[in-house]
Undergrad: 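Can you read through this structure? Questions will come right after.
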Amino acid sequence: MNFMSPVMVILFLGSIAVTILPGLAIPAPAPAPTSYTFLQDCAAKLGDCGYEVYLGVFNNGTVTDKCCIALVATGKECHDGLVDHILTSAGFKGNATEILERSEQVWNGCSVPPASFPLSFKD
Ligand SMILES: *[C@@H]1O[C@H](CO)[C@@H](O)[C@H](O)[C@H]1NC(C)=O
Ligand SMILES: *[C@@H]1O[C@H](CO)[C@@H](O)[C@H](O)[C@H]1NC(C)=O
C-alpha cells in the first residue's frame, strides 16, 4: 500500500465506489483530463489515507486522526475534487446529495480547531 502510484489510487478509489455503492456501472475512463493531474496530486498527498477517507465518505467509515490531518493538509479543493471525481465518473447512480453531505461532515469533522483536537492518535 505504501508505494501505490497516484493513478492507482484514483483507480482504486473508483473501484471502491464500484464495490460499495449500489447500482454502479462499470467504470469509464476519467472524462476530465484538465483536472486529472490535479487529482493525481491530491491522491498522492493522501497516500494510504485516501482509501480510509473515501470509505468514510461513501460508506460511513471512520476516519482516524492521522488521516484527518492528511486530509486537511491536502486542502478542501482536493477533497471536493476527489469526491466529485468519484461522483461524476464510473456511472455513479447513488444519492449524490447524501454523499456530498457526508463529504462535508467528514471534512468538518477533520478540520476542527487544534484546541479541540483529540490528543490521542490511534493508528
Ligand atoms: C450512514 O450513517 C447515517 C447516520 O448514522 C445513516 O442515516 C445512514 O443510513 C448510513 N448510511 C450507510 C450507507 O450506512
Ligand atoms: C437523496 O438524499 C436526500 C437527503 O437524504 C433526500 O432528501 C433526497 O430525496 C434523496 N434523493 C433521491 C433521489 O433519493
Side-chain angles (χ1 to χ4, degrees):
M1 287 288 287
N2 287 328
F3 300 101
M4 277 179 119
S5 75
V7 175
M8 282 185 68
V9 172
I10 293 279
L11 292 175
F12 194 47
L13 292 175
S15 71
I16 291 170
V18 169
T19 306
I20 67 183
L21 296 169
L24 209 58
I26 304 296
T34 44
S35 64
Y36 193 66
T37 310
F38 173 73
L39 292 179
Q40 279 182 305
D41 232 42
C42 293
K45 285 180 196 160
L46 279 173
D48 289 352
C49 286
Y51 177 80
E52 187 179 301
V53 168
Y54 297 102
L55 266 188
V57 172
F58 286 88
N59 205 31
N60 271 5
T62 306
V63 181
T64 58
D65 295 344
K66 185 189 99 174
C67 288
C68 266
I69 290 168
L71 178 65
V72 172
T74 61
K76 186 73 156 67
E77 208 182 329
C78 278
H79 179 60
D80 289 346
L82 286 168
V83 169
D84 198 56
H85 176 73
I86 298 172
L87 286 178
T88 56
S89 65
F92 174 80
K93 287 191 179 65
N95 188 329
T97 308
E98 274 180 7
I99 295 299
L100 288 171
E101 265 174 30
R102 208 168 308 133
S103 164
E104 288 297 311
Q105 280 167 16
V106 167
W107 175 264
N108 290 336
C110 284
S111 59
V112 291
S116 61
F117 207 84
L119 289 175
S120 67
F121 283 66
K122 294 187 203 115
D123 203 342

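Note that this is a predicted model, so its numbers are computed, not measured. Remember, it's 1-based here, ligands and their atoms both numbered in the order they're listed.
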Undergrad: Tell me, which residues have any heavy atom less than 4.0 Å from some atom of ligand 2?
TA: Asn95, Glu98
Undergrad: From Asp41 CG over to Cys78 SG, what is the distance, rounded to the nearest 0.5 angstrom?
TA: 7.0 Å
Undergrad: Give me the ring orientation class for Phe58 and Phe92: parallel if the planes are under 30° apart, tilted from 30 to 60°, perpendicular past 60°.
TA: perpendicular
Undergrad: Do Tyr54 and Leu71 have side chains that get closer than 4.5 Å, going by heavy atoms?
TA: yes
Undergrad: Residues in salt bridge (charged side-chain N to carboxylate O under 4.0 Å, His left out) with Lys45, at least two apart?
TA: none
Undergrad: Applying side-chain contact (heavy atoms from CB on, under 4.5 Å), name anything that partners Glu77, two or more places apart in sequence or on another chain.
TA: Phe38
Undergrad: Among all residues two or more places apart in sequence or in another chain, which pass the side-chain hydrogen bond (donor to acceptor under 3.5 Å, both in side chains) test with Glu101?
TA: none
